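The structure displayed is predicted, hence computed values, not measured ones.
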Amino acid sequence: MTNIKTYNAISQKGLAYLNAHHYDINGQEEPKGILLRSQNLHNEAIPSSVRAVVRAGAGFNNIPVDTLSKRGVAVFNTPGGNANAVKELTIAALILAARPVVGAIGFANETRGGDVSLRTEVNKGGYRGTELAGKTLGVIGLGNVGSKVANTALALDMDVIGYDPGLNANTAWRIDRHIKHAKTVEEVLRQSDYVTVHIPLTDKNKYYIGGESIKLMKPDAALLNFSRGGIVDDLAAKSALDQDQLRVYITDFADEALFDHPKVIITPHIGGSTVEAEDMSALMAARQLDNYLTTGNIVNSVNYPDIDEPFTTKYRVGIIHDNVPNMIGQISTFFGDKNINIEQLSNRAVGDYAYTLVAINDFTIDQQEYVKVALDSIPHVILTRRYVNDNF
């Protein structure tokens, strides 16, 4: 039985899935996997027994990915699990940016005495807004969330321009043909009445929208950040608001620098906080973890390449290694020299790391024990694991 450690109240559906597959949930003795939501693992002591960490959500900046990668620990996220929830809140924020709904609610609730209905009606002119129809929405990042926001904005009769440096065939299929594709982010910033950002936070794109970027925007434009804190430089946004270089800033990430600002709306990181999104993300996380620990398949990894092959042989050997020349040759030669027949070999690489999955049928106990030790001794091999197909 494989122990799974969980953090942050992972959805009961995710836990039920793992329980149904005979895992010891929250097992403390040599856990093989960790499932979490927002728990910060950077200061946690992660046991050497851990082989995988799965974030039930899209962002993974709460996980020490670089450190775990060097240890052979696969890190996963669940892209798309909460995409619809974040999309819906982003659309709500667009409406709040166009119509002074928050202020109007406060005004209506503070009106007291006399003919309340008449008084609110007479004084409602101060809460007149604009319509989204006919305005231009700029979407930066056209992944699972950004593409949904862009397509929905079209249904609101907005003109939509999108930019994504990683635009690929899968992204293109998700986006309506009426969405204009910008060649640069500067093009989006200059043309848009509303700008929404949907990109992951990395060391390279911290403050992706900073002071210089905001200067390119229209002074009556609205800026939305429902991606990650740190994508937008909040101090630069506040400065632009103070100087009337930006009309409104709405963010899902609290920052003391923005508190009590009349042109700022802050929500408490609730983009993915719906019952449906939490269930979906937890189920995805549980299935991905179970799939990796039992078959060696990697799906939605953020540090290693994905390999998702049918497990049609009795055994598999998964080898995580550095992405350097001649590793496949060394691995193939090793199995051949030990008279172990390879039924299938799959290999993928991404960045500094590569993953090789070797399918085997005839594999004696002595060979299995030897292979683990011997493969790990090959230079640039990080971790070797054996998988057994119980259905074979």
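Of the N and O atoms on the side chains of Asp233 and Tyr208, not one donor lies less than 3.5 Å from an acceptor on the other residue. Asn151 and Lys148 share no donor-acceptor pair across their side chains, judged by distance under 3.5 Å alone. If you check the side chains of Asn205 and Thr202, you find a donor sitting under 3.5 Å from an acceptor. Inspection of the Asp242 and His261 side chains reveals an N or O donor paired with an N or O acceptor under 3.5 Å. Judged by distance alone, the side chains of Glu44 and Asn40 never bring a donor and an acceptor atom under 3.5 Å apart. Between the side chains of Tyr23 and Asp290, at least one donor N or O lies within less than 3.5 Å of an accepting N or O. Side chains of Asn323 and Arg348: no donor on one and acceptor on the other come within 3.5 Å. Looking only at atom types and distance, the side chain of Thr384 has a donor-acceptor partner in the side chain of Asp376 under 3.5 Å away. A donor-acceptor contact under 3.5 angstrom links the side chains of Thr6 and Asn26, judged on distance only.
In this structure, Arg287 contributes its side chain and Asn291 its backbone to no donor-acceptor pair below 3.5 Å. Under the 3.5 Å distance criterion, the side-chain polar atoms of Ser301 are matched with a main-chain donor or acceptor of Val75. Of the possible polar contacts, none joining the Thr267 side chain to the Ile270 backbone as a donor-acceptor pair under 3.5 Å is found. Remark: the backbone N or O of Ala277 is not paired with any side-chain donor or acceptor of Asn82 at under 3.5 angstrom. With hydrogens and angles disregarded, a donor-acceptor distance shorter than 3.5 Å links the side chain of Thr313 to the backbone of Tyr315. The closest donor-acceptor contact from the side chain of Asn300 to the backbone of Thr78 lies at 3.5 Å or more, if one exists at all. Of the possible polar contacts, none joining the Asp159 side chain to the Thr136 backbone as a donor-acceptor pair under 3.5 Å is found. Between the side chain of Asp176 and the backbone N or O of His178, at least one donor-acceptor pair lies under 3.5 Å. Here the side chain of Asn3 pairs no donor or acceptor atom with the backbone of Pro31 at under 3.5 angstrom. Not one N or O on the side chain of Ser192 forms a donor-acceptor pair closer than 3.5 Å with the backbone of Val195.
Tracing side-chain contacts under 4.5 Å through hydrophobic residues (I, L, V, M, F, W, Y), one never reaches Met158 starting from Ile140; they form parts of separate clusters. Using a 4.5 Å cut-off between side-chain heavy atoms of Ile, Leu, Val, Met, Phe, Trp and Tyr, with links allowed through other members, Val299 and Val54 fall into different hydrophobic clusters. Tyr127 and Val264 are assigned to two separate hydrophobic clusters, defined by single-linkage of ILVMFWY side chains at heavy-atom distances under 4.5 Å.
By the 4.5 Å heavy-atom criterion applied to side chains, Tyr194 and Arg247 are counted as neighbours. No side-chain heavy atom of Lys32 sits less than 4.5 Å from a side-chain heavy atom of Val50. Put simply, the side chain of Ser273 reaches to within 4.5 Å of the side chain of Glu278, judged on heavy atoms. No side-chain heavy atom of Tyr292 sits less than 4.5 Å from a side-chain heavy atom of Asn297. By the 4.5 Å heavy-atom criterion applied to side chains, Lys180 and Val160 are not counted as neighbours. Between His198 and Val149 there is a side-chain heavy-atom pair separated by less than 4.5 Å. With contacts defined as side-chain heavy-atom distances shorter than 4.5 Å, the pair Pro200/Ser227 does not qualify. Counting only heavy atoms from C-beta outward, the side chains of Val358 and Ile331 approach each other to under 4.5 Å.
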| task | Carefully, step by step, assess Phe253 and Arg228 under the rule side chain to side chain contact (heavy atoms under 4.5 Å, CB included). | result | CA-CA 7 Å; Phe253 310 97; Arg228 271 289 177 270; 4.3 Å; yes
| query | Please walk me through it: do Val53 and Val73 pass side chain to side chain contact (heavy atoms under 4.5 Å, CB included)? | reply | CA-CA 7 Å; Val53 175; Val73 179; 4.1 Å; yes
| query | Going through the distances and angles, do Leu224 and Asp252 end up as a side chain to side chain contact (heavy atoms under 4.5 Å, CB included)? | reply | CA-CA 9 Å; Leu224 281 61; Asp252 199 25; over 6 Å; no
| task | Could you walk me through whether Thr364 and Gln368 pass side chain to side chain donor-acceptor pair (under 3.5 Å), step by step? | result | CA-CA 6 Å; Thr364 68; Gln368 294 174 39; over 6 Å; no
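In plain terms, the two heavy atoms of Ile360 and Asn341 that are nearest each other are CG2-O, 3.9 Å. The shortest non-hydrogen separation linking Ile4 to Leu289 is CD1-CD2, 3.6 Å. In this structure, Ala221 and Leu246 approach most closely via the heavy-atom pair O-CD1, 3.4 Å. Closest non-hydrogen pair, Leu383 versus Arg51, comes out as CD2-CD, 3.7 Å.
For the atom pair CZ of Arg316 and CZ of Arg385, the computed distance is 12.5 Å after rounding to the nearest 0.5 Å. Note that CG of Leu357 and CG of Leu345 are 8.0 Å apart. Values are rounded to the nearest 0.5 Å.
A salt bridge links Asp244 to Lys263: at least one charged side-chain nitrogen sits closer than 4.0 Å to a carboxylate oxygen. No salt bridge links Glu276 with Lys13; every basic N to acidic carboxylate O contact stays at or beyond 4.0 Å.
Checking each of Asn347, Ile298, Val350 against Pro305 for a side chain to side chain contact (heavy atoms under 4.5 Å, CB included) leaves exactly one that passes, namely Val350.
The aromatic rings of Phe335 and Phe363 lie tilted to each other, with the angle between the two planes from 30° to 60°.
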